[in-house]
Number of protein chains: 2
Amino acid sequence: MVTLRDVAGHAGVSVSVVSRVLNSDPSIRIRPETRSRVLESARLLRYAPNSAGRSLRRSRTHLLALVVPDVTNATFTDLVNGVESRALDHDYSVLLASSPRMQPGSDGFNRLLNERLVDGVLLQKGDEAPIELVARALSHPERTVLINSGPVSGVATIAIDDVAAGVLATRHLLDLGHTGIGYVGGVPASDTSDRRQAGVVRTLADAGLTLAREHTTALGYTYRSARDAARLLLSRQPAPTALVVGNVNAGIGVLTEAAQMGIRVPDELSVVAIHDIWPAITCAPALTTVRLPMASMGATAVDVLLAGLETSDGDGTDTTSRVVDDPAPELVLRASTAPPPGS
Amino acid sequence: MVTLRDVAGHAGVSVSVVSRVLNSDPSIRIRPETRSRVLESARLLRYAPNSAGRSLRRSRTHLLALVVPDVTNATFTDLVNGVESRALDHDYSVLLASSPRMQPGSDGFNRLLNERLVDGVLLQKGDEAPIELVARALSHPERTVLINSGPVSGVATIAIDDVAAGVLATRHLLDLGHTGIGYVGGVPASDTSDRRQAGVVRTLADAGLTLAREHTTALGYTYRSARDAARLLLSRQPAPTALVVGNVNAGIGVLTEAAQMGIRVPDELSVVAIHDIWPAITCAPALTTVRLPMASMGATAVDVLLAGLETSDGDGTDTTSRVVDDPAPELVLRASTAPPPGS
DNA sequence: ACGTGGTGGTGAAACGTTTGTGCAGATCCT
DNA sequence: AGGATCTGCACAAACGTTTCACCACCACGT
């Protein structure tokens, strides 16, 4: 390790001068030639500041943790990208916590902030974790921002425009002429699913329609759960002619189950799912989706977190709550939607 | 922040005693009642050791970086899981570096080790990065292990059993009765692709066959590149009746292009891809693949890295090079392979 | 009474930074 | 010429931890 001492020795100045020059401290007065001598020495010796020393002194680690339920789930990877990229813009690095041992409430999770390993935490909670429990597990709310996992009073929250997504999907089906529209939702207390469903309901209402209880499920966002949901909904009398699916993995599950049941998509059933990921292209038929600005949301979450750290710096009373709508949710037209049968 | 001083004050002992008790220093002699008083004070005050202070003193951050080309690529997410999980076993946390700004050679990448932000780096390089360039960009080879990205002399390397995977895929096609077998490879200098191809070649040779040059491509592991590759190979005269595809994303690309060309899979063409990810189930037809122990490889990589840090501790002359074969690559039979036409 | 040895701790240095304060010497003003 | 001001840098403390070295005290044997 080459330290400030080494550079100082090489340049024939004191340690503090080296530190101030390298950090371009505005309060320093120094002869230009001394400054360049210092700079040159640092370059020559390949000095790099030791981050532990710096963190200790500044009490900032320039690290943040991104907690997601599962990196394997493609719906989160865009988020990861957005977060990492924006974090780097701010000279922050990202600690990835996706293991169950790192989820809220666990010891690992608490240590992140308690041991001051990271300056703040970005938390996208999973469906299994009830928000009340998560809220109670938050040891440092002022250093936490919830991603698509709110609201919790006293904690900054940032969400996608789920309502708009629901509206967009429903609007598309209405435009095609559907009236028997169902909704395949997430688990019961899922707030994203609630909001997406609200978008569906509202849009149907605007068209003088209602979302039938027997055309709605709340079994979860997974491929598996959606197959169950599809089997249920498609055996109702009358069956819906179109489904809005709250999640794209679930949407693919619906497609699979419909095929299994001998129901042709899009001829006999239209399917539009919310959230766009790559497999939506390659499944058969290619799935029409609503693309969500996940990366952008991740970036905004970083901004909110770091802004909170700047100002509050102790007492975090300025709890933000934003929904990102830029870029806006966007309909991605593929092959799983068509006018209803017999039209 | 509650520090050792606070605990010491509360318990009426010196700072060093608290530190030694909490770290259960074997060399300490202490009255049982004092010890429990210290423990109780720490519990009461919710003491948590400050990681910056600890890192500075111990010159270990208990952090490691996992550098991958792209988290969005599903082929890497299992690896991420394996790494994170095993790292936690060792009380290490994982810094995720997937942004281009964190790739080998970049400033961000170098800072990871130079500033001692992390103790070591796990590097899965991307296809665009030539291994020679990467090798030169490694400022601290002794703190680096290459994942599926070797070999580089002087650097620990860990790889999957690519040859076995190639063998397994080819064996399957031979067993079905195919003789016109082609290979869709990665970019030209890709060592994983070279090894997978070697497995194909060897298995064909064992059966008295050869891999025809005109039935081989090396255009890349991506969906896009594989569509080009498929178009090329399938318009040869004679066309292969079966393809081993070096990567699953590419495999799905082959499927798409075949459909586009009106070639029915598996009736007219069998496709088996190496590496198993979720979309392989949902594409049409479902893709037969060879499942690779990516998580296990990630775990082993962590073991190798940390072992290297223990022993070498300065001069890293014991460069390991392992291929993980447990669990072994496994054929996952789905719907994209069948006996050749007219058999 | 006096060394000896064990018990139960304490003190201080060090890890590498950052930053407020001090202090020589030079320059300037009158 | 003598104080005031400025220039250019050095000193030292502090962040929180770990760990080596040391010491006061007591009991014990002689």
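- Taking atom CD of residue A/Glu33 and atom C1' of nucleotide D/dG8, one finds them 11 Å apart after rounding to whole Å.
- At the heavy-atom level, B/Arg20 lies under 4.0 Å from base atoms of the strands shown.
- One distance of note links OG of B/Ser36 with CZ of B/Arg43; it measures 11.5 Å at 0.5 Å rounding.
- Heavy atoms of B/Leu4 sit under 4.0 angstrom from at least one base atom.
- D/dG16 atom P lies 16 Å from atom CG of A/Leu117, rounded to whole Å.
- Tested against A/Val17, the residues A/Leu22, A/Asp25, A/Leu4, A/Val38 include a single side-chain contact (heavy atoms from CB on, under 4.5 Å) partner, A/Val38.
- Summarising the local packing, CZ of B/Arg37 is surrounded by more than 12 heavy atoms from other residues, nucleotides or ligands at distances under 6.0 Å.
- To the nearest angstrom, P of C/dT18 lies 15 Å from CZ of A/Arg60.
- Contact annotation for B/Asp25: no contact, since no heavy-atom pair falls under 4.0 Å across all strands.
- In this structure, B/Leu56 reaches the bases: a heavy-atom distance under 4.0 Å links it to at least one base atom across the strands shown.
- In this structure, A/Thr34 reaches the sugar-phosphate backbone alone: every heavy-atom distance under 4.0 Å involves primed, P, OP1 or OP2 atoms, never a base.
- When every heavy atom of B/Pro69 is checked against every heavy atom of B/Gln124, the shortest pair comes out as CD-O, 3.2 Å.
- Under a 3.5 Å cut-off, the side chain of B/Thr157 and the backbone N or O of B/Val155 do form a donor-acceptor pair.
- In this structure, the CG atom of A/Asp6 is 11 Å from the P atom of C/dC15, given to the nearest Å.
- For A/Arg54 and C/dG16, the shortest distance from a side-chain N or O to OP1 or OP2 is not below 4.0 Å.
- Counting all heavy atoms, side chain and backbone alike, A/Gly120 lies closest to A/Leu113 at CA-CD2, 4.0 Å.
- Residue A/Arg58 is classed as a sugar-phosphate contact, given heavy-atom separations below 4.0 Å to backbone atoms only.
- Here A/Ala48 lies in heavy-atom contact (under 4.0 Å) with sugar-phosphate atoms only.
- Mapping B/Ser14 and B/Arg57 onto DNA chain C via the closest heavy atom, the residue that lands nearer the 5' end is B/Ser14.
- One finds a side-chain N or O of B/Asn23 lying less than 4.0 angstrom from the OP1 or OP2 phosphate oxygen of D/dT18.
- Both B/Val13 and A/Val17 sit near DNA chain C, but only B/Val13 has its closest nucleotide nearer the 5' end.
- Across the interface with DNA chain D, nearest-nucleotide mapping of B/Gly53 and A/Pro32 shows A/Pro32 to be the residue nearer the 5′ end.
- One distance of note links CD of B/Glu128 with CG of B/Leu133; it measures 12.0 Å at 0.5 Å rounding.
- Straight-line distance from the CG atom of B/Asn50 to the C1' atom of C/dT17: 14 Å, rounded to whole Å.
- A/Arg29 comes within contact range of at least one nucleobase, with a heavy-atom separation under 4.0 Å.
- Atom CD in A/Glu115 sits about 13 Å away from atom C1' in D/dT17, given to the nearest Å.
- For the helix from C/dA1-D/dT30 to C/dT30-D/dA1, the rotation axes defined at the first and last 5 base pairs enclose an angle of 70°, given to the nearest 10°.
- Between the side chains of B/Asp326 and B/Ser296, no donor-acceptor pair is found at a separation under 3.5 Å.
- Nucleic acid contact class of B/Ser59 (heavy atoms, under 4.0 Å, all strands): none.
- Side chain A/Ser16 to base D/dC11: a donor-acceptor pair is found below 3.5 Å.
- C/dA12 atom P lies 14 Å from atom CZ of B/Arg5, rounded to whole Å.
- Comment: A/Asp89 engages B/Arg101 in a salt bridge, judged by a side-chain N to carboxylate O separation of less than 4.0 angstrom.
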Between the protein and nucleotides 26-29 of chain C, list every N/O to N/O distance that falls short of 3.5 Å.
none

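- In this structure, the separation between CZ on B/Arg54 and CG on A/Leu56 is 13.0 Å, given to the nearest 0.5 Å.
- Looking only at atom types and distance, the side chain of A/Thr192 has no donor-acceptor partner in the side chain of A/Asn148 under 3.5 Å away.
- Rounding to whole angstrom units, CZ of residue A/Arg31 and C1' of D/dC6 are separated by 14 Å.
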